[in-house]
Protein chains: 4
Amino acid sequence: MTIDDSSDRSAEGARAEGGSGGRPNPSRRSEQSRRAILTAARELVSELGFAKLSIEAIAARAGVGKQTIYRWWGSKGEVVFEAFLALSDPGEGIVLPDSGDLETDLKYLMRETVAEFADPAFEGPIRALNAEIINDPKLARLYHEKMAAPVDEAKKERLRSAQRAGQLAPDLDLDLALELLYAPLYQRWLLRSGPLTPEYADSLVDLTLKGLRP
Amino acid sequence: MTIDDSSDRSAEGARAEGGSGGRPNPSRRSEQSRRAILTAARELVSELGFAKLSIEAIAARAGVGKQTIYRWWGSKGEVVFEAFLALSDPGEGIVLPDSGDLETDLKYLMRETVAEFADPAFEGPIRALNAEIINDPKLARLYHEKMAAPVDEAKKERLRSAQRAGQLAPDLDLDLALELLYAPLYQRWLLRSGPLTPEYADSLVDLTLKGLRP
Amino acid sequence: MTIDDSSDRSAEGARAEGGSGGRPNPSRRSEQSRRAILTAARELVSELGFAKLSIEAIAARAGVGKQTIYRWWGSKGEVVFEAFLALSDPGEGIVLPDSGDLETDLKYLMRETVAEFADPAFEGPIRALNAEIINDPKLARLYHEKMAAPVDEAKKERLRSAQRAGQLAPDLDLDLALELLYAPLYQRWLLRSGPLTPEYADSLVDLTLKGLRP
Amino acid sequence: MTIDDSSDRSAEGARAEGGSGGRPNPSRRSEQSRRAILTAARELVSELGFAKLSIEAIAARAGVGKQTIYRWWGSKGEVVFEAFLALSDPGEGIVLPDSGDLETDLKYLMRETVAEFADPAFEGPIRALNAEIINDPKLARLYHEKMAAPVDEAKKERLRSAQRAGQLAPDLDLDLALELLYAPLYQRWLLRSGPLTPEYADSLVDLTLKGLRP
DNA sequence: TTTTAACCGAGACGGTACGTCGCGTCTTATA
DNA sequence: TATAAGACGCGACGTACCGTCTCGGTTAAAA
């Protein structure tokens, strides 16, 4: 999956449209340069972290003129985001395990999430991305549309299955349910407000399911 | 309230201690300069936002040499944090309303939080602070100790009162309970993952209390 | 008058001839583009000065691709030179006044030159052209052949007339004579080495003629 | 000799004075950086020529930040000019040969000038300087004050000696006389308007002296 | 008449340099 | 010895143009 035309256009939409400046013509865009830039961005953000990453370094590593970056992306954040997006692209649909018992499956999922958060290779880029999202509504929208939505949809599908099995209230707001489960976990990690343990994940599932059952 | 010696020392801990450089002697510190710096930082972060704020600008606005800032603070984040801290300082203890009915009081509190989040004067600095916390464990610790802890303690005191009244399970983990209530709200706001409405606050309280009751 | 094939060829002579690249075929050249480029160059050099003039700006103003300029001209200087040349083209021969008295005629001519130099519309482009000539022997040759030679020839014709009238030494080197008269004037203007007044022009003629008479 | 305070101030005078911008304080200026910059400028202008010389290259060669150049000089031209000035500085007064016979001495001087012009090490920088002077009145003034004036004064002193000896008209304008002698020579070289030979120098002296004698 | 090769407009590309901002360090003088 | 002031080396910014290089699309000569 790549960012399609519509998202490109929306990104451009935030840049200056007035004045004499013609928007670049995407049909002439060099796919080779685009890929080299995203690869360089990915590598450099791993090596240096987002804060110390510079457009100049990306351009140099990619063997590309700076202008080629500025032409197609509006900010360092957009480049890095697209770089991650290309990586995290799950291709097609995500399907989560469904053992028939929601509690078991959720505890598994959330323990897995806890483990992911402890992976240092994962930590740096995702922290950087979230820090950017906080101050950049455009990036926030992109993130939710392109990265979060597919995963959330898979999780909601599992919850729907539980509803059909009578394990959840039939009128439950699934978005709200996901937030109840995941927001505490995510916040502990992101804002370092407390220790993240498998037991914590279990407690969360226990308490939340108590509230969500029919 | 001001940041006391111990927190200053911890800030210094991150700076070079070796070499020839002696640590500055706090007894000779100019209180006038310190206040001018914090005031300038507060003003500038409001005018420009945290990202566009520079040490040079703070020094210029405060009528202070740059070295005076570098001498006493370890980063832009620390200066701004201390500036906010001085502002938000509640003086003494915070006491939350206790009507006897937990649900009523929580709904009131959370609707108030929603309203606070919608205040643009509040939005900028708090977003900036959170973005910094994501990438700066030291700042995260400072934040939780100095800013979050007093408020959280007041909330937990209200929950304890509800436990005594039999409205909450007696063995409930109060930190976890607070997270269940507030994390979804905070995440929606911070990461812009959904609309923040009073009704949303009510739903959160309803579902959560269902899980927390004895 | 336009720059003829021979001068074009000489311009091309400085560009790469080897390799795969065939020389462009002048018979296919777009006269419309050529004129638009020269016009744009003339306008822009007046508006911005030569130093701030860019090939990109010429191409944009002329509604022409950059390659079309690079195809037919070897440098910014050549384009601008040809643009001026087309302007200054006197059509046919220049004839200077001949009252019979050389002193009178020369003083008139040189006062006229002084007046020309004071014209701001004249000043910018000619300064630019001369600055380029200093560092570009090819352009210097073009300048002397195409722009200076016709005017100098007319002046020398007037001097020859004076020789026939016995007002000048019969074996006088006319090029040298012209230089004696004009170089001091030109230098004062070009290098700003002193004030240019009509009286100065008169003094030049007086002293020079004293040396040139039989 | 170095450029003294007054000329520095005059250079600064042409830069923006309004607004908030404080002018830099010359007493804090690093003499070491200044010298490194001038040396680098001199070397680079010889290696690359003035046109291909960049501020970045000067800064890099001098081991200096670009800002340090921009802080103290207004343009590439000013830097290079001061670099040459430091070189050409004759220390104290120049005295020209005085054999008692003006014609002999002038022919010697002008043949020497012709020879100088043929020296390639001399050619590049001086051409560059003159090209800049054409478009930069400030630089022109500096040039005449600091570089040309001392030499011209020495020449005029020789002419005054000739006046006392009765070899020149007593009321002769010496500036004008110098221009008559040197401008034709200089123009042939600068604008490449003709060949520069020792014989040409002699002819110039012959004809000019004819006009200048009492 | 139909190729077909060229020039054409447009403009993306890898680069170089620009002039500016801000960093964190260092130096000077003032109190 | 802490301070205001600010120069310094440095790195990066975002922009302007450079000269080269595709792209279609015309257009005029060759087949």
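Letters A, B, ... mirror the listed sequences (proteins, then strands); counts begin at 1.
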Return the value, rounded to whole Å, for the distance between atom [atom1] of [X] and atom [atom2] of [N].
| X | N | atom1 | atom2 | answer |
| --- | --- | --- | --- | --- |
| C:Tyr70 | E:dG9 | OH | P | 15 Å |
| D:Ile69 | F:dC8 | CD1 | P | 11 Å |
| B:Arg35 | F:dT3 | CZ | C1' | 17 Å |
| D:Ile58 | E:dC18 | CD1 | C1' | 13 Å |
| B:Trp73 | E:dT25 | CH2 | C1' | 19 Å |
| C:Gln32 | F:dT26 | CD | C1' | 13 Å |
| D:Ile37 | F:dA7 | CD1 | P | 14 Å |
| B:Leu48 | E:dC21 | CG | P | 14 Å |

Exercise. C:Ser46: what forms a side-chain contact (heavy atoms from CB on, under 4.5 Å) with it, not counting sequence neighbours?
Worked result: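 Scan of C:Ser46 (side-chain contact (heavy atoms from CB on, under 4.5 Å), adjacent residues dropped) gives none.
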Exercise. When the nearest nucleotide of DNA chain E is assigned to D:Ala57 and to B:Leu53 on a heavy-atom basis, which residue is associated with the more 5' position?
Worked result: D:Ala57
For this session: Assess D:Arg29 against D:Trp73: is NZ or CZ under 6.0 Å from the centre of the six-membered ring, and within 45 degrees of the ring's axis?
Result: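 Yes, a cation-pi geometry.
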Would you give me the side-chain donor-acceptor pairs under 3.5 Å for residues 49-60 of chain C, sequence neighbours excluded?
unit_1  : atom_1 : unit_2  : atom_2 : d
C:Ser54 : OG     : C:Ala57 : N      : 3.0
C:Glu56 : OE2    : C:Lys66 : NZ     : 2.6

Problem set entry | salt bridge (Lys or Arg N to Asp or Glu O under 4.0 Å) against B:Arg42, all qualifying residues, sequence neighbours excluded | none
For this session: Please name all residues satisfying salt bridge (Lys or Arg N to Asp or Glu O under 4.0 Å) with D:Arg35, sequence neighbours left out, ordered by chain then number.
Result: D:Glu31
Return the polar atom pairs (N/O with N/O) between nucleotides 10-16 of chain E and the protein under 3.5 Å, or none.
unit_1 : atom_1 : unit_2  : atom_2 : d
E:dA12 : OP1    : A:Asn25 : N      : 3.0
E:dC13 : OP1    : A:Ser30 : N      : 2.9
E:dC13 : OP2    : A:Arg71 : NE     : 2.9
E:dC13 : OP2    : A:Arg71 : NH2    : 3.3
E:dC13 : OP2    : A:Trp72 : NE1    : 2.7
E:dG14 : OP1    : A:Ser33 : OG     : 2.8
E:dG14 : OP2    : A:Gly65 : N      : 3.4
E:dG14 : OP2    : A:Thr68 : OG1    : 2.8

Exercise. Can you name the residues that form a side-chain hydrogen bond (donor to acceptor under 3.5 Å, both in side chains) with D:Glu43, not counting sequence neighbours?
Worked result: D:Arg61
